[in-house]
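Before any comments, here is the structure.
Below, each value reflects all heavy atoms present in this structure, side chains not excepted, and no hydrogens, waters or symmetry copies. All chains are named by letter (A, B, ...) in the order of the sequence lines, taking the proteins before the strands, and each is independently numbered beginning at 1.
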There are 2 protein chains.
Amino acid sequence: MKIALLGIGTVGSGVREQLSACADIEVRRVLVRREIPELGSLATRAIDDILGDARIDAVVEVMGGEHPALEYVLRALRAGKDVVTANKLMLSEHLEELLEAARAGGARLKIDASVGGGIPYLFNLARAARTGGMQSLFGIVNGTTNLILDTMQVEGADFADVLAQAQRAGYAEADPSADIDGGDARAKLCVAAAVGLGAILRPADVDVAGIRTIALGDVRLFQQMRRVCRLLVRADRLDGDHLAACVEPTLVLPGDLEAAVHRNDNLIGYVERSAGLQYFFGQGAGKSPTAFNVVMGLRDLIDGAIDPLGAPLRRAEVDNSHLVRRYYVRTSAPLGVQAERIGEVGGAPAYLTEPLSADGMHAHARDLRKADPQLFFAGVRA
Amino acid sequence: MKIALLGIGTVGSGVREQLSACADIEVRRVLVRREIPELGSLATRAIDDILGDARIDAVVEVMGGEHPALEYVLRALRAGKDVVTANKLMLSEHLEELLEAARAGGARLKIDASVGGGIPYLFNLARAARTGGMQSLFGIVNGTTNLILDTMQVEGADFADVLAQAQRAGYAEADPSADIDGGDARAKLCVAAAVGLGAILRPADVDVAGIRTIALGDVRLFQQMRRVCRLLVRADRLDGDHLAACVEPTLVLPGDLEAAVHRNDNLIGYVERSAGLQYFFGQGAGKSPTAFNVVMGLRDLIDGAIDPLGAPLRRAEVDNSHLVRRYYVRTSAPLGVQAERIGEVGGAPAYLTEPLSADGMHAHARDLRKADPQLFFAGVRA
């Protein structure tokens with residue numbers, strides 16, 4: 001198989017290194033934004049050199065970002081070239097259009113590397129969904145926030161210090177918003193919901209809370225409560241047209257599997273009617289694991305393996321009125337819901353609310369944040 | 001696809017139930033040992049009614065045991081019928097012969113359900129091994145012993161009581177030897193080593209220690225040591241002809257993933273050169289999960305998915321001289337190796353040894369057991 005790489009950053013160079021050991025996959029062109037002398041004649045800055053080359057069977061999109069990745073991938077698919085991509089942002093926003101282009105061009109789209117780094121999550125989700133019994137998806141899908149939460153707890157460090165340290169070590173972006181506000185996790189949840197539940201969600205419909213405002217004092221209260229905080233995603237099949245879907249910090253029990261997920265590791269699972277609860281654990285990002293998942297996608301093209309996007313998709317509405325739990329809320333604003341006061345963090349009271357629905361809590365938090373932008377809240381697992 | 005079931009016990013009836021919802025897989029015959037009136041004309045006691053029926057494409061072997069399952073499966077494969085089996089004992093002892101029969105008959109052998117109940121472990125092991133970078137396999141593969149170890153710790157109960165309770169609840173066999181002496185775990189390790197590392201091991205060569213002699217006093221000492229006991233398997237690629245391979249109780253840290261595996265759940269993993277550490281968690285036994293994995297094997301036959309036994313196999317020798325760690329040993333016999341005395345259980349001293357190789361420790365334990373059949377030992381994770 002002859003392929004082209006669109007992008008040669010961290011993941012792209014990992015893919016190129018790993019393919020150097022594969023006799024049956026040849027990298028023929030690499031799309032670059034600026035000259036990279038050591039690539040020699042492999043490099044091109046013109047996408048048409050790749051899309052117009054009939055000898056190139058498949059394109060690996062590892063440039064990231066929404067544009068122009070979307071336009072390049074659409075053109076590649078319409079031209080009949082298979083595409084392997086790790087681009088969760090593009091996939092979460094444009095999946096229907098991408099699948100339509102793949103159908104039109106008779107091409108295949110392999111997306112396993114877009115969720116969970118090196119974890120074969122989407123592939124297994126698709127494989128297990130073949131008998132129609134997939135019920136729920138959930139887990140820790142963002143390594144940066146897990147690293148921050150775990151380090152705050154283990155080392156008793158402040159959010160800002162841990163974030164700065166993660167940025168220096170390359171575990172967090174210069175602009176960390178997509179990670180710490182939950183947008184990255186939401187994009188992955190939307191991709192997983194498509195693969196596992198056959199549901200196209202509008203990312204903007206998913207209730208999202210991140211960890212930007214968490215304080216060390218909150219973490220100390222969680223320890224007193226014998227709880228561990230993790231940023232969790234969740235989607236549940238309700239009926240044909242409705243899904244529960246949310247992203248929020250959640251206080252789990254110390255003996256729960258999620259509490260044993262340290263550093264930037266990921267743990268992603270599902271419940272299938274017959275198989276029951278299944279979890280997949282691994283490094284959810286990083287050059288080698290993500291590149292490995294891209295290479296698995298290329299191997300799957302060669303082997304004709306199960307297609308994570310083979311099942312029909314339909315649009316779904318989010319309904320979080322049935323996701324009911326207690327919430328930890330720390331805010332200096334008047335809370336306005338029934339709750340027990342359990343402590344104080346930096347002068348602001350911390351509460352444990354009566355059971356609330358996720359949509360109710362997220363809507364209420366949006367209001368409260370107008371008075372208290374430093375509000376933090378987390379679901380409490382029963 | 002038209003299939004026959006060999007056996008209609010717990011897993012077999014689960015497969016039949018799950019297939020009732022699959023329009024494209026029809027159960028045409030069921031091999032039974034005694035009359036089962038409600039099966040009507042589906043039932044036969046004659047294997048030739050199945051193997052001689054050219055309309056039957058595939059055979060699901062869920063009778064268990066070594067014989068006559070082996071003879072039936074060999075004949076089915078040689079007759080060109082695909083086989084899906086959950087029989088780890090047959091596979092661990094006769095894999096070469098089975099693969100030779102499959103080659104001779106042009107048939108496929110799907111074995112995913114033989115390890116890990118509903119966990120898609122073998123399938124993923126094979127998929128990830130395609131680029132030749134699989135290094136190690138390990139985990140908790142026996143649900144019965146995990147249930148016993150977890151219950152002893154959580155409830156402070158005696159081994160004999162927990163075992164009796166597990167037997168009454170159907171989680172342990174009337175003769176629990178295969179579980180509590182580690183033989184079941186060893187068979188699964190051998191099957192996984194073939195799939196992941198391409199190595200045929202002689203099960204008898206693998207060092208095995210079980211939990212038959214563990215006492216509540218041992219578990220209390222582990223708690224004082226801030227450790228949790230789990231029965232772990234492990235195989236590491238050394239060079240082309242050698243593998244480290246052993247089964248032994250291991251004292252892990254409370255924050256380790258294994259410590260968060262409760263009741264009869266399983267957690268099985270691997271390390272691949274690029275993907276790094278990956279774990280798979282789920283219910284490792286039981287009617288519905290195991291039957292689900294059998295159904296996945298049938299779906300894989302239809303979909304032409306990756307074959308866990310597609311890669312070439314070679315025989316390998318076990319070399320456990322490089323697996324070095326401290327051991328917890330509790331014995332009334334003179335220990336005879338450098339060790340620190342750390343407590344006493346039922347009048348017998350408990351020790352923490354200097355680092356020892358696994359083959360050295362297991363050989364020494366075989367000697368010590370002549371004087372003290374109640375000896376218990378466990379590796380200590382550093």
Side-chain angles (χ1 to χ4, degrees), chain A residues 14-15 17-19 21-22 25 116-120 123-124 127-128 130-133 150 154 228 253-262 265 267 269-270 272-283 286-293 295-296 298-300 302-307 310, chain B residues 14-15 17-19 21-22 25 116-120 123-124 127-128 130-133 150 154 253-262 265 267 269-283 286-293 295-296 298-300 302-307 310:
Chain A
V15 171
E17 284 162 30
Q18 290 177 35
L19 288 180
C22 297
I25 304 177
I119 302 174
F123 186 94
N124 280 279
R127 183 168 178 265
R130 290 180 296 175
T131 45
D150 188 48
V154 172
V228 175
L253 294 159
D256 289 346
L257 268 181
E258 292 97 332
V261 177
H262 303 293
D265 284 328
L267 178 79
Y270 56 75
E272 198 280 340
R273 185 177 47 209
S274 301
L277 173 63
Q278 302 279 330
Y279 267 120
F280 301 78
F281 170 92
Q283 209 180 313
K287 175 178 175 172
S288 286
T290 309
F292 180 77
N293 230 344
V295 172
M296 286 292 109
L298 290 168
R299 282 263 147 250
D300 288 347
I302 293 174
D303 294 346
I306 297 153
D307 183 359
Chain B
V15 172
E17 284 162 29
Q18 290 178 33
L19 288 180
C22 297
I25 304 178
I119 303 174
F123 185 95
N124 279 281
R127 183 167 178 266
R130 290 180 296 176
T131 44
D150 188 48
V154 171
L253 295 158
D256 289 346
L257 267 183
E258 292 97 331
V261 177
H262 303 293
D265 284 328
L267 179 79
Y270 57 76
V271 167
E272 198 279 341
R273 185 176 48 209
S274 301
L277 172 64
Q278 301 279 331
Y279 267 119
F280 301 77
F281 169 93
Q283 208 179 315
K287 175 179 174 172
S288 286
T290 309
F292 180 78
N293 230 342
V295 172
M296 286 293 109
L298 289 167
R299 282 262 145 246
D300 289 347
I302 293 173
D303 293 346
I306 297 153
D307 184 359

Using non-hydrogen atoms and a 4.5 Å limit, figure out which bit of [X] sits close to chain B: side chain, backbone, both or neither.
| X | answer |
| --- | --- |
| A/E17 | neither |
| A/N124 | side chain |
| A/A275 | both |
| A/D307 | neither |

Looking at every non-hydrogen atom in both residues, tell me the closest pair between [X] and [Y] and how far apart they are.
| X | Y | value |
| --- | --- | --- |
| B/P120 | A/R127 | CB-NH1, 3.8 Å |
| A/A260 | B/G255 | CB-O, 3.6 Å |
| B/Q278 | A/G118 | NE2-O, 3.2 Å |
| A/C22 | B/T131 | SG-CG2, 4.3 Å |

Query - Option in A/R273, A/H262, A/E272 with maximal non-hydrogen atom pairs under 4.5 Å from chain B - result: A/E272
Report summary line: chain B shares the most heavy-atom pairs under 4.5 Å, among A/S274, A/S288, A/P289, with A/S274
Query raised in the report: For B/A128, is it the side chain, the backbone, both, or neither that has a heavy atom closer than 4.5 Å to a heavy atom of chain A?
Result: both
Requested in this report: Indicate yes or no: at least one non-hydrogen side-chain atom of B/R130 is less than 4.5 angstrom from one of A/D303.
Outcome: yes
Query raised in the report: Would you say the side chain of B/I306 lies within less than 4.5 Å of the side chain of A/D300, judging by non-hydrogen atoms?
Result: yes
Query - Step-by-step ring pair (Phe, Tyr, Trp, His ring centres under 6.0 Å) determination, B/F280 to A/Y279 - result: CA-CA 6 Å; B/F280 301 77; A/Y279 267 120; over 10 Å; no
